[in-house]
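Worksheet for the structure shown next.
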Amino acid sequence: MRSAPLTLPRRLTASAPGWTTSADVIVVGSGIAGLTCALRLREQVDRVLLVTKTVLSAGSTQWAQGGIAAVLDPDDTAQEHLDDTLVAGVGLCDVEAVRALVTEGPERVHELVALGAEFDRDAGGEIKLTREGGHHRDRIAHAGGDATGAEISRALIAALHRVLDDPGIEVIEHALVVDLLTAADGAVCGVTLHVIGEGQVDGVGAAAGRAVVLATGGLGQIYASTTNPPVATGDGMAAALRAGAAVTDLEFVQFHPTVLFLGEGSTGQQPLISEALRGEGAFLVDGDGTRIMAGRHPLEDLAPRDVVARAILDVMRDQGVDHVWLDARHLGGAFLEQRFPSIVARCRELGFDPAVDLLPVAPAQHYASGGVETDLLGRTSLDGLYACGECSCTGVHGANRLASNSLLEGLVFAHRIADDIAARFSSGDLPQRSVAAPAAAGGSLEGDTDAVLDASRRIEVQRAMTLGSGPVRSGESTAGAQVALAALAAQPTTEAEPGPLTWETTNLLHLGQVLSHVAHLREETRGGHVRSDFPERDDARWLTHLTATRQADGQVVITERPAGDPR
């Protein structure tokens with residue numbers, strides 16, 4: 001495997017920390033993973049610091065429409081959930097990680113209910129379950145029809161507010177983590193972060209901790225169109241990458257098949273049309289009314305997301321169109337308004353009525369299946385650093401996430417992380433380390449340089465990624481993305497004013513460089529990675545994971561690990 005050499009700076013340009021704080025554990029992010037982990041840790045360690053980029057409810061969890069997958073039906077089994085997950089992951093799931101997910105998941109969901117989450121229930125009082133793509137059973141629990149993430153977020157934030165007067169937990173909002181602090185041996189011992197307008201806690205500061213948990217979500221804003229919220233700029237992944245943590249499976253990006261098409265040039269966060277709508281009977285058609293998924297897969301419109309997205313892209317290419325249609329008209333206005341109130345309201349705001357209109361849809365970036373590599377306890381390759389949720393790569397998702405497994409992953413692995421940290425504290429395995437002098441003092445060693453890309457160049461990053469490493473890729477397109485991003489990285493940094501928007505843009509640049517690099521190397525089509533020049537899955541050559549690790553000299557080294565080998 002050969003590609004152009006790639007180097008990354010150790011950290012972002014930022015002023016020296018003007019204030020300091022400390023905690024036993026620093027949790028970064030306030031989605032389902034971060035909130036669950038912080039609440040669990042509070043019961044077991046002396047002091048937890050939870051930092052979040054804007055406000056507690058602004059993460060991707062808030063936007064999750066479909067639901068949370070778990071074996072809650074007596075006729076369902078953990079083995080069936082495991083099997084469906086493995087099929088969706090196309091040979092690259094870690095079986096033991098999936099086993100942990102599906103066996104521990106039901107208990108975690110019941111704990112969420114006990115915490116106050118109110119799921120939709122049937123006439124008998126049981127949690128209603130529905131089906132989404134890739135599932136052979138009804139196992140998707142939902143709330144408010146299509147507002148599951150919002151309800152889970154509400155319940156967790158309410159639980160956090162009930163304990164905010166506890167000196168054992170502190171929350172800092174409007175706090176963007178800039179970089180990870182490391183000790184002389186490479187272990188993570190804190191973060192630098194920028195806080196906006198918090199009295200004395202203002203500007204760049206340093207927070208020391210015996211452990212750091214990244215729960216910072218995805219990287220959707222790396223593309224021109226995404227279902228992810230504006231905060232999804234890959235900050236945790238990028239900071240971990242610069243610090244030397246292993247980042248795995250980054251090329252596997254899930255493009256959701258049914259995102260409302262608002263016209264050519266529409267950018268930013270796009271309206272998601274939940275897969276649950278197809279679970280209730282909606283189906284995809286082309287401009288002539290021909291069903292797209294008929295005969296393409298045994299599950300037809302409920303095939304795994306990569307299969308459906310690829311079918312839509314095939315139709316768009318063959319017919320020279322920029323979208324297809326989702327037909328939900330036969331479900332009726334009353335049912336749609338009751339089951340999908342948020343989707344119906346949003347569509348009507350934009351001039352579409354699902355009860356009477358075909359909905360124009362096209363794939364858009366939705367989820368990062370790869371991320372900071374962890375083991376079954378959430379530990380990364382750097383001691384003291386954990387990762388959870390979308391920013392992590394636990395091995396659960398493989399090459400393509402099964403619908404509604406993401407919220408469950410956040411719950412299950414947040415608990416595992418909290419319990420592991422508490423156990424290691426008890427055994428003295430995670431002492432507070434001192435920050436290595438160069439990083440602490442803002443000095444420079446070879447490979448320890450810093451750089452930023454001005455926020456005005458973000459659209460250029462997004463354009464390069466969308467064209468070169470988007471839903472359909474090729475050797476030529478990924479090489480083009482690498483060249484374009486390298487040119488941006490080589491730009492003089494004197495014009496760039498360090499600050500949140502510039503740091504976010506630089507994080508997107510760094511992740512885009514690595515993603516395009518590994519997407520260029522993987523010469524096959526698998527899951528969320530679609531190569532037009534290598535349209536077939538190649539198990540003989542590519543049943544492997546590609547891992548990117550930044551070395552001390554700044555060079556990013558790509559290594560391969562066969563699927564099934566220990567992490």
Side-chain angles (χ1 to χ4, degrees), residues 29-32 52-66 144 146-150 152-153 174 176 216-238 253-277 305 309 322-323 326 340-352 354 359-369 389-391 401 403-404 406-407 455 458-467 469-471 500-501 503-505 507-508 511-512 515 528:
S30 60
I32 190 171
T52 190
K53 188 170 175 179
T54 54
V55 295
L56 288 172
S57 61
S60 293
T61 296
Q62 175 76 16
W63 297 95
Q65 293 176 345
D146 57 0
T148 311
I152 290 173
S153 181
H174 305 289
L176 169 65
T216 51
L219 45 66
Q221 295 299 323
I222 205 170
Y223 292 100
S225 296
T226 177
T227 63
N228 288 189
V231 295
T233 51
D235 308 318
M237 289 187 208
V253 179
Q254 185 177 92
F255 290 82
H256 198 288
T258 53
V259 177
L260 195 64
F261 182 73
L262 299 180
E264 184 179 2
S266 180
T267 60
Q269 186 177 10
Q270 305 292 292
L272 174 67
I273 307 298
S274 172
E275 196 161 323
L277 203 66
R305 288 177 178 174
D322 49 19
H323 67 278
L326 183 68
F340 303 104
S342 301
I343 292 174
V344 170
R346 182 61 175 147
C347 285
R348 287 175 176 168
E349 283 177 16
L350 296 167
F352 306 99
L359 300 178
V361 295
Q365 193 281 338
H366 184 57
Y367 192 85
S369 294
E390 191 174 354
C391 75
R401 174 176 68 91
S404 291
S406 53
L407 293 176
R458 182 181 297 196
I459 187 63
E460 297 176 59
V461 175
Q462 293 171 329
R463 185 180 300 120
M465 289 299 298
T466 301
L467 293 175
S469 300
L501 293 179
W503 293 325
E504 288 179 336
T505 300
N507 287 334
L508 294 174
L511 291 171
L515 195 159

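Just so we're clear, the structure is a prediction, and the values are computed from it rather than from any experiment.
- Ion pair Glu460/Arg463 not flagged as a salt bridge, since none of the NZ, NE, NH1 or NH2 atoms sits closer than 4.0 Å to an Asp/Glu carboxylate oxygen.
- Heavy-atom minimum distance, Lys53 versus Val231: NZ-O, 2.9 Å.
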key: Evaluation steps, side chain to side chain contact (heavy atoms under 4.5 Å, CB included), between Thr258 and Glu275   = CA-CA 7 Å; Thr258 53; Glu275 196 161 323; 5.7 Å; no
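- Put simply, the side chain of Gln270 does not reach to within 4.5 Å of the side chain of Gln365, judged on heavy atoms.
- Contact record, Asn507 with Ala238: OD1-CB, 3.3 Å, taken as the closest heavy-atom pair.
- Closest approach of His366 and Thr227 over heavy atoms only: ND1-OG1, 2.6 Å.
- Interatomic distance, CD1 of Ile32 versus OG of Ser406, reported as 8.5 Å (0.5 Å rounding).
- A heavy-atom distance below 4.5 Å is not found between the side chains of Leu508 and Glu504.
- Taking Ser404 as the reference, Ala69, Glu132, Ile140 meet the side-chain contact (heavy atoms from CB on, under 4.5 Å) condition, with sequence neighbours excluded.
- You'll find the side chain of Leu260 stays beyond 4.5 Å of the side chain of Arg346, heavy atoms only.
- Residues meeting the side-chain contact (heavy atoms from CB on, under 4.5 Å) test with Ala362, sequence neighbours left out: Phe261, Met316, His323.
- Of all the heavy atoms in Gln269 and Pro230, the pair that sits closest is OE1-CD, 3.6 Å.
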ask   = Yes or no on side chain to side chain contact (heavy atoms under 4.5 Å, CB included) for Ser225 and Val259, after CA distance, side-chain angles and deciding distance?
value = CA-CA 10 Å; Ser225 296; Val259 177; over 6 Å; no
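- The one candidate from Thr54, Thr216, Asp235 that meets the side-chain contact (heavy atoms from CB on, under 4.5 Å) condition with Leu176 is Asp235.
- Proximity of Pro271 to Leu262: side-chain heavy atoms (C-beta onward) are separated by under 4.5 Å at one or more points.
- Counting heavy atoms from C-beta outward, His174 and Val55 have side chains that approach closer than 4.5 Å.
- Partners of Ser469 under the side-chain contact (heavy atoms from CB on, under 4.5 Å) rule, at least two apart in sequence or in another chain, are Tyr223, Met465, Arg473, Thr478, Ala481, Leu515, Ser516.
- Atom CZ of Arg305 and atom NE2 of His256 lie 4.0 Å apart (nearest 0.5 Å).
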